[in-house]
Amino acid sequence: IPSKVAKNGGDLGFQDKEHLIPKLSEALWPLKPGTVYPGLIQTALGFHIVKVTAHEPAGTSQLAEVKELLRAGVQQKKGNNALNQWLAKKHSTTKIVLAPAFAQLLLGSQAAGTTSSN
């Protein structure tokens, strides 16, 4: 999605509240259309400057409108499943050591320095 957003000048389009990063959702939903959030919003993806251009009530979409999104979602899920299976196989036969900074980013602060071996 980041490349699609970049191609659209940063426009995310209409988003369902539950599909946004919680920090963004909390900051954006109270804003009225045309309002810029009065500061930077920091998330795991970086810092964001945001403006609400409009609110639109939930509705339904035609299959033709969402077909490519559905296809991309299925492909991503298949890729994630294949990656997870590959990682599980490697995990059973390989010693895995994550750099502390990467482990913290990937798994949270309690996992920094995590190692696994068999």
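In this chain, residues are counted from 1 in sequence order. We use all heavy atoms of the structure for the numbers below, so side chains are in, but hydrogens, waters and symmetry mates are not.
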At their closest point, which heavy atom of [X] faces which heavy atom of [Y], and how far apart are they?
X   : Y   : value
K51 : G34 : CE-O, 3.8 Å
S61 : V66 : CB-CG1, 3.7 Å
P30 : S25 : CD-O, 4.4 Å

Same hydrophobic cluster for L87 and L105, using side-chain heavy-atom links shorter than 4.5 Å among ILVMFWY?
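No; L105 is not reachable from L87 via cluster members.
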
Quiz prompt | same_hphob_cluster(Y37, L45) at 4.5 Å side-chain heavy-atom cutoff | solution =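 Looking at the clustering, L45 is in the same group as Y37.
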
Kindly say whether W86 contributes a backbone atom to a donor-acceptor pair with the side chain of H91 at under 3.5 angstrom?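 Not confirmed, H91 side chain does not pair with W86 backbone.
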
**Prompt:** Is it true that a side-chain atom of T35 and a backbone atom of K32 form a donor plus acceptor pair closer than 3.5 Å?
**Reply:**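 Flag set: sc T35 to bb K32 pair under 3.5 Å.
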
Does E65, at its CD atom, have more than 12 non-hydrogen atoms belonging to other residues, nucleotides or ligands within less than 6.0 Å?
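Counting other residues, nucleotides and ligands, CD of E65 exceeds 12 neighbours.
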
- Task: Look at atom CG of L70 and say whether more than 12 heavy atoms of other residues, nucleotides or ligands are closer to it than 6.0 Å.
- Result: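 Yes, CG of L70 has more than 12 neighbouring heavy atoms, counting only those of other groups under 6.0 Å.
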
Verify side-chain contact (heavy atoms from CB on, under 4.5 Å) between V50 and L24, making sure each step is shown before the conclusion. CA-CA 9 Å; V50 295; L24 285 174; 4.2 Å; yes

Requested in this report: Give the C-alpha distance, both sets of side-chain angles, the deciding distance and a yes or no for salt bridge (Lys or Arg N to Asp or Glu O under 4.0 Å) between E26 and K23.
Outcome: CA-CA 5 Å; E26 292 167 11; K23 277 188 172 182; over 6 Å; no

* Roughly how far, to the nearest 0.5 Å, is the CG atom of L28 from the CD1 atom of I41? ->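 Taking CD1 in I41 and CG in L28, the distance rounds to 5.0 Å.
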
- Message: Measuring from atom CG of N81 to atom CD of Q76, what distance do you get when rounded to the nearest 0.5 angstrom?
- Response: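 Going from the CG atom of N81 to the CD atom of Q76 covers 10.5 Å.
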
Might you work through the side-chain contact (heavy atoms from CB on, under 4.5 Å) test for K90 and T94, ending with a clear yes or no? CA-CA 6 Å; K90 289 297 180 186; T94 307; 4.2 Å; yes

The test is side-chain contact (heavy atoms from CB on, under 4.5 Å); show your working for L20 and W29 and say whether it passes. CA-CA 11 Å; L20 284 174; W29 244 252; 3.5 Å; yes

Open item on the list: Counting C-beta onward and ignoring hydrogens, is there a side-chain heavy-atom pair between T43 and H48 closer than 4.5 Å?
Closed with: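 Answer yes - side chains close enough.
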
